[in-house]
Amino acid sequence: MQMTHQTPRVCLDSRSAGELDADLIIVPAFERDAFADVPGLAQASGGEVTAAQARGAFSGKPFESLAIGTHGVGWRTPRVLLIGAGAAAACTADVLRRVAITGSLAARQQRLRRVAVLLRPGTSVQAEEAAQAVAEGVTIANYDGASMKTSDPSALWLDEAFVAGLGESGPLATAVERGVVLGEATNQARALANEPGNRLTPRIFAERGATLAAAAGLNVEILDETRIADLRMGLLLGVAQGSSEPPRLLVLRHEPANAVSNIILGLIGKGITFDTGGISIKPADNMDKMKDDMSGGAAVIAAMAAIARLKLPVHCLGVVPMTENMPGGRAVKPGDVLTSAEGKTVEILNTDAEGRLVLGDALWYARKLGATHLVDLATLTGAVVVALGKTTSGLFGRPQSWVDAVLEATRRAGDRSWPMPIFDDYKEQFKSEIADFSNTGGRPGGSITGALFVKEFAGELPWVHLDIAGTAWAEEAKPYQPKGATGVGVRTLVQLAMAAPAWAESAP
Ligand code: BES
Ligand code: MN
Ligand code: ZN
């Protein structure tokens with residue numbers, strides 16, 4: 001198979017626009033932009049920028065683009081690509097990341113390998129934040145959904161990217177390096193999530209996750225079906241029993257010697273390598289998309305690797321339960337009762353509500369291993385897509401201080417999320433006549449009852465659940481986001497670990 005991504009060399013460049021030595025300069029363009037800070041730009045290509053603005057062809061609307069040549073102004077780089085960035089005052093790091101992605105994807109399409117991204121004054125984005133976002137963007141753009149077409153030409157990768165317009169300093173260089181690590185981790189998660197179910201079985205997922213994690217310096221453990229049975233993880237085993245592929249539980253540990261406090265951040269990701277629905281089988285239409293039902297797990301693995309690479313001074317624990325959900329002859333049936341590792345009994349009313357089951361045992365295990373704060377990431381419910389659409393993840397949890405900390409991390413990471421309620425009385429929707437509770441609460445508030453089920457396994461710990469069923473997969477291509485796996489959640493989790501000194505004080 002062809003390579004899915006390649007990390008470009010990214011560095012700061014303090015030269016002026018005319019001196020930058022690249023194949024293409026990407027310039028964020030704001031509404032009513034006169035480009036006064038970029039001497040020569042308005043004159044380039046015989047005044048085409050101003051002319052295009054005047055005839056209404058280019059207004060700086062987010063992510064529209066205008067390509068011009070720099071002849072006549074004597075620049076070293078022959079081409080400029082203006083990318084709309086909206087109003088300068090409203091420009092965020094998120095917009096800059098997307099500008100960098102849009103421009104870099106266009107560069108690759110034009111088979112150009114060396115880009116410069118010129119950052120400009122007039123926004124309220126801090127220099128370090130901007131540098132990181134651009135480094136993330138150019139790296140994230142160096143990704144191709146794993147083509148298995150034997151006839152496809154090999155991809156053209158960006159070799160080099162320059163972050164210009166900010167000057168050069170130690171902290172800025174660190175921000176660029178951090179951005180590259182975060183971009184690379186995003187790509188690693190996308191590559192795993194795009195992988196077809198037959199090529200990423202639970203066993204292979206565990207191995208690939210272990211390889212990636214070990215290379216980053218994490219402590220790695222793969223629990224096989226025997227160990228999982230020894231731990232009496234009846235929920236994980238119950239989901240797995242319909243498949244001829246055995247389950248796995250991947251456990252990753254980041255244990256730095258210089259940890260700031262005694263918190264242990266527990267990250268748990270749903271790792272269903274394919275979700276047929278089981279005996280409560282899904283309709284045929286779009287079932288192929290259920291190969292991405294391990295996106296949460298992939299995000300946890302990639303984020304843990306980035307946390308290790310960045311040597312963040314906080315203990316982190318990653319737990320990813322991995323299995324297929326298949327309707328085999330031994331599959332769990334509606335009406336069956338399973339016992340979780342913690343001892344709680346669950347009546348299975350719909351075998352397609354399998355994510356909450358595997359998360360239940362995994363959350364318990366993270367607590368058993370000493371986690372003090374929990375975040376789980378899961379493509380859990382179709383209902384969250386109905387509620388929030390395809391661009392916003394649902395965020396559930398308690399206490400408020402922990403919800404706020406994770407919400408802020410999603411905002412800074414550009415992984416938009418929105419708080420959802422977890423009122424206790426929704427639990428009535430999944431009470432069972434014969435077990436502690438059932439595994440489905442029906443259609444009303446489906447993402448809330450799903451979250452409340454998971455909460456049953458969080459003990460008393462601060463816990464947040466991110467339902468990424470809508471955000472993990474892009475159905476339509478955008479200028480800044482090709483179709484397919486998005487890598488949602490990766491940067492959020494790393495950002496959360498980076499912010500640990502702040503929230504360790506406020507979140508109990
Ligand atoms: N993996 C699905 C959720 C999903 C749906 C993800 C659409 C991405 C897009 C999950 O396992 C599932 O099937 N959930 C059920 C729960 C229901 C049976 C209570 C759902 O949402 O229908
Ligand atoms: Mn399902
Ligand atoms: Zn699922």
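All values below come from the heavy atoms of this structure, side chains included, with hydrogens, waters and symmetry mates left out. All ligand and atom numbering here is 1-based and tracks the order in the structure.
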What one should report as the nearest heavy-atom pair of Thr379 and Asp292 is CG2-O, 4.0 Å
Quick note on ligand 1: atoms under 4.0 Å from a heavy atom of Glu354 include exactly 11 (O)
Is the shortest distance from a Lys or Arg side-chain nitrogen in Glu245 or Arg203 to a carboxylate oxygen in the other one below 4.0 Å?
-> yes
Going by the 4.0 angstrom heavy-atom rule, the piece of Leu380 near ligand 1 is backbone
Here the gap from Ile268 atom CD1 to Leu359 atom CG, rounded to the nearest 0.5 Å, amounts to 8.0 Å
Quick one: does Gly382 get an N or O within less than 3.5 Å of an N or O on ligand 1?
yes
Worksheet item: Looking only at side chains, do Tyr143 and Asn194 share a donor and an acceptor under 3.5 Å apart?
Response: yes
(request) For the Zn ion (ligand 3), decide whether Leu380 has an N, O or S atom at a distance under 2.8 Å. (result) no
Short version for Lys289: what comes under 4.0 Å of ligand 1, heavy atoms counted, is neither
- So is there a nitrogen or oxygen of Asp352 less than 3.5 Å from a nitrogen or oxygen in ligand 1? yes
inquiry  = Would you say Thr410 and Ser417 are linked by a side-chain donor-acceptor pair, where the criterion is simply a distance under 3.5 Å?
reply    = yes
For Met290, the atoms of ligand 1 under 4.0 Å from one of its heavy atoms are 1 (N), 4 (C), 5 (C), 6 (C), 7 (C), 8 (C), 9 (C)
Problem set entry | 4.0 Å protein heavy-atom contact status of atom 1 (N) of ligand 1, strictly under | yes
Answer yes or no: is there an ion pair linking Asp224 with Arg227, defined by an N-O contact shorter than 4.0 Å?
no
Per-atom filter on ligand 1: closer than 4.0 angstrom to a heavy atom of Thr379 are 1 (N), 2 (C), 3 (C), 6 (C)
Interatomic distance, CD@Glu184 vs CG@Asn142, rounded to 0.5 Å, equals 10.5 Å
So for Asn350 against ligand 1, with non-hydrogen atoms under 4.0 Å, the contacting part is side chain
Hey, is Lys282 one of the residues with a heavy atom under 4.0 angstrom from ligand 1? yes
Closest to the Zn ion (ligand 3), among the N/O/S atoms of Asp275, is atom OD2
Between Glu136 and Arg178, does any side-chain N to carboxylate O distance fall below 4.0 Å? no
Looking at Glu354, the N, O or S atom sitting nearest the Zn ion (ligand 3) is OE2
*May I ask you to check whether Trp503 and His373 place their ring centres under 6.0 Å from each other?*
yes
Interatomic distance, OG1@Thr486 vs CG@Asp415, rounded to 0.5 Å, equals 7.5 Å
For the residue pair Thr339 and Arg232, confirm or rule out a side-chain donor-acceptor distance under 3.5 Å. no
Of all the N, O or S atoms in Asp293, the one nearest to the Zn ion (ligand 3) is OD2
For Lys270, the ligand 1 atoms with a heavy-atom partner under 4.0 Å come out as 1 (N), 10 (C), 11 (O)
Under 4.0 Å between heavy atoms, the region of Lys390 that gets near ligand 1 turns out to be neither
Using the benzene-type ring in the case of Trp, are the ring centres of Phe430 and Tyr426 under 6.0 Å apart?
no
With heavy atoms and a 4.0 Å threshold, my read on which part of Arg356 contacts ligand 1 is side chain
Are any of the N or O atoms of Asp293 closer than 3.5 Å to those of ligand 1? yes
Check: Salt bridge between Lys483 and Glu476, side-chain N to carboxylate O under 4.0 Å?
Finding: no
Any protein N, O or S atom under 2.8 Å from the Mn ion (ligand 2)? Found Asp275 OD2, Asp352 O, Asp352 OD1, Glu354 OE1
Here the side chain to side chain donor-acceptor pair (under 3.5 Å) pairs for residues 267-284, sequence neighbours left out, are Lys270-Asp293, Lys270-Glu354, Asp275-Asn325, Ser280-Asn350, Ser280-Thr351, Lys282-Asp352
Practice problem: Applying side-chain hydrogen bond (donor to acceptor under 3.5 Å, both in side chains), run through Ser438 and Glu347 and close with a yes or a no. | Solution: CA-CA 4 Å; Ser438 82; Glu347 183 185 11; 5.7 Å; no
